[in-house]
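Values in this document were obtained by computation on a predicted structure and should not be read as measured data.
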Amino acid sequence: MDIEEDIRSLQLDSAEETNGSVTPEDVKPEEVDKSEHMDEDPKPEVQAEPIDVEPKAKEKEIPPTQDEDDEAEMMKKRHLNVVFIGHVDAGKSTTGGQILFLSGQVDERTIQKYEKEAKDKSRESWYMAYIMDTNEEERVKGKTVEVGRAHFETETTRFTILDAPGHKSYVPNMISGASQADIGVLVISARKGEFETGYERGGQTREHVQLAKTLGVAKLLVVVNKMDEPTVEWSKERYDEIESKMTPFLRQSGYNVKKDVIFLPISGLVGTNMKTRVDKKICPWWNGPCLFEALDAVEVPERDPKGPFRMPIIDKFKDMGTVVMGKVESGTVREGDSLLVMPNKAQVKVVAIFIDEDKVKRAGPGENLRIRLSGVEEDDISSGFVLSSVANSIPAVTEFVAQLAILELLDNAIFTAGYKAVLHIHSVVEECEIIELLHQIDPKTRKPMKKKVLFVKNGANVVCRIQVNSMICIEKFSDFPQLGRFTLRSEGKTVAVGKVTAL
Ligand code: GTP
Ligand code: MG
């Protein structure tokens, strides 16, 4: 596919993202799982809810029920941000909930409470998803809306789980979740018909994979879920079929399947092949790792704790001062630091730093934080602003130059000066307009073409000038990949992906 070639040609990879590979050989066997098959769950129905405006990304926190280790202990462990992506109803929330249960974050009593609540809502099989889906709307409809956020730990690693919604109405929330992640768990339903729907054109399996790659999710664990389901029954043929169909697509989307992708079968609902390897009696053909082993074997991406401080703000609230939330993309923050909230250049002081529920003295790149600030009112901060070091502050612009791959314009529209779309770049969501097309990139040579270009169509790769109405804080992709990669969306569809080349 030419379009997919073009995404790859944007080279949205970077040297900083060589976060190692996961191979089944890297992990050691553990004791076997004693899970049993489950009864069939009712056919999930997709309740499409057309929405006019792209909602601002929202998140919800799933509070851990256990005390965590003290700060020193905590900082010793590696930390990884994992986003759960995939088509609606693939089992992302169920798998996330099961992980929290298996890692001891949720007790049996809570599960029983959820079982009853799910039953009362005629959603019996959704009780595991209720761990992640905490809003009433989500529980009633059985669909994630806001990115669920939770924490769990293995022997070696602290994980932040970001449970993205699969429904196409909530892709902006998925984008926000994926832009904070180091790796992705792509959940695929093996159930008859469900893999097919997700994989079709317009299905979110495809869209999520392409977005994840664009947003800097360098590694994927592809979990083939619902293996317990009566139409699957741990069938090797079904698993192989899904793997063989997904592999070329992942490759076309820019993933190096050998190095950056690992497939494994699980049942999120039953918890099979998750904390411990699947029993040979259930699945004699699987010799690879279970999910926890595979997660533990992912290498943490290299991060520069000495770089200039950058933390895009995802959310803010009042709590004994102004608290901002976000993931540190560069540098280190310490209690007492003086920083700037950009683009409005508000001088602030760091009063307190929280990782998960714990107060810490300092935090480095990759951490998902809550920071209490003094010197700024909550009302003066919006999501999309960036907490930045004073000496080397992040640029604030209303115009920038970018290289774009045009994926799919609505109704075969043409892409020309005056084209309007919604720009998603780190935590920024802003209307934007294409001001000028500078040059097209030759698909064969990958070099700029000499001829002046006035418009381009689907599949083109083009360099252009983009304008937004209010100041945004971004960086060149070559300097800070995570703050310089973006997507353009129009009427709920991703129309282009790109990288900032000049400010
Ligand atoms: P969205 O958030 O709406 O995108 O969905 P999701 O991917 O989070 O799916 P969710 O976890 O809500 O599960 C959807 C349905 O699939 C529920 O009925 C689950 O019980 C069912 N399901 C999830 N995992 C499994 C599994 O491993 N086996 C079986 N049999 N059913 C599963
Ligand atoms: Mg969900």
Side-chain angles (χ1 to χ4, degrees), residues 1-12 52-54 56 171-172 175 179 207 210-211 213-215 254 343 382 384 386 394-481 483-503:
M1 274 275 341
D2 291 335
I3 294 174
E4 283 145 5
E5 272 277 300
D6 278 319
I7 302 182
R8 265 194 298 166
S9 74
L10 271 180
Q11 293 178 322
L12 288 164
D52 299 326
V53 280
E54 300 236 335
K56 278 259 178 188
V171 173
I175 291 175
S179 68
E207 186 175 20
Q210 291 177 336
L211 284 171
K213 185 64 194 170
T214 312
L215 294 164
S382 298
V386 179
I394 185 167
V397 298
T398 53
E399 227 182 84
F400 59 97
V401 177
Q403 185 179 337
L404 284 178
I406 315 292
L407 304 181
E408 216 169 338
L409 300 169
L410 299 176
D411 305 321
N412 275 323
I414 54 167
F415 190 84
T416 176
Y419 185 92
K420 290 200 173 91
V422 180
L423 169 75
H424 292 255
I425 182 162
H426 60 81
S427 54
V428 169
V429 184
E430 278 285 334
E431 273 240 6
C432 72
E433 181 175 339
I434 308 303
I435 297 301
E436 186 188 2
L437 301 194
L438 298 172
H439 46 253
Q440 195 170 350
I441 306 286
D442 187 322
K444 293 211 181 72
T445 63
R446 304 278 172 220
K447 300 235 158 67
M449 285 151 64
K450 288 225 170 67
K451 218 173 89 198
K452 180 84 190 146
V453 57
L454 289 177
F455 67 89
V456 292
K457 291 191 177 165
N458 284 346
N461 206 317
V462 64
V463 177
C464 56
R465 237 149 30 93
I466 301 179
Q467 194 178 61
V468 284
N469 290 331
S470 29
M471 287 270 200
I472 56 168
C473 293
I474 56 176
E475 296 274 7
K476 279 201 314 202
F477 177 83
S478 53
D479 296 340
F480 296 84
L483 303 172
R485 58 171 99 239
F486 63 89
T487 56
L488 293 186
R489 308 193 84 238
S490 178
E491 294 180 32
K493 290 220 169 68
T494 305
V495 292
V497 299
K499 59 180 180 186
V500 178
T501 52
L503 292 172

Start with the C-alpha gap between M449 and H439, add the side-chain angles, then the distance that decides, and say whether side-chain contact (heavy atoms from CB on, under 4.5 Å) holds.
CA-CA 6 Å; M449 285 151 64; H439 46 253; 5.8 Å; no
Go through V386 and H426 one step at a time and tell me if the side-chain contact (heavy atoms from CB on, under 4.5 Å) criterion holds.
CA-CA 10 Å; V386 179; H426 60 81; 3.6 Å; yes
Rounded to the nearest 0.5 Å, what separation is found between the CG atom of L404 and the CG atom of L488?
5.5 Å
Would you please name every residue forming a side-chain hydrogen bond (donor to acceptor under 3.5 Å, both in side chains) with Q467, sequence neighbours left out?
E399
Supply the atom-to-atom distance F415 CZ to I406 CD1, rounded to the nearest 0.5 angstrom.
4.0 Å
Report yes if some heavy atom in the side chain of V495 is under 4.5 Å from a heavy atom in the side chain of Y419; otherwise report no.
yes
Side chain of S179, backbone of L215: donor and acceptor closer than 3.5 Å?
no
Mark yes or no for whether N461, through its side chain, and A405, through its backbone, hold a donor-acceptor pair below 3.5 Å.
no
Residues at least two apart in sequence or cross-chain that pass side-chain hydrogen bond (donor to acceptor under 3.5 Å, both in side chains) with T494, listed by chain then number, are E207, R489
So do the side chains of F486 and V428 get within less than 4.5 Å of each other, counting heavy atoms only?
no
Side chains of I441 and Q403, heavy atoms from C-beta outward: is any pair under 4.5 Å?
yes
Can you list everything that forms a side-chain hydrogen bond (donor to acceptor under 3.5 Å, both in side chains) with Q440? Sequence neighbours excluded, please.
none
Tell me every residue that passes side-chain contact (heavy atoms from CB on, under 4.5 Å) with P395, counting only those two or more places apart in sequence or in another chain.
E475, L503
Do I466 and I434 have side-chain heavy atoms sitting under 4.5 Å apart?
yes
Which atom names give the shortest non-hydrogen contact between A396 and C473, and what distance separates them?
CB-SG, 4.0 Å
Here the gap from C464 atom SG to E433 atom CD, rounded to the nearest 0.5 Å, amounts to 11.5 Å
How far apart are the closest heavy atoms of I474 and I394, and which atoms are they?
O-CG1, 3.9 Å
Report the residues that fulfil side-chain hydrogen bond (donor to acceptor under 3.5 Å, both in side chains) with S470, sequence neighbours left out, ordered by chain and then residue number.
E430
Any salt bridge (charged side-chain N to carboxylate O under 4.0 Å, His left out) pairs touching residues 447-463, not counting sequence neighbours?
E436-K452
Is any side-chain heavy atom of I472 closer than 4.5 Å to a side-chain heavy atom of L423?
yes
Is any side-chain heavy atom of I425 closer than 4.5 Å to one of V500?
yes
Verify, without hydrogens or angle tests, whether T416 (side chain) and L454 (backbone) share a donor-acceptor contact under 3.5 angstrom.
yes
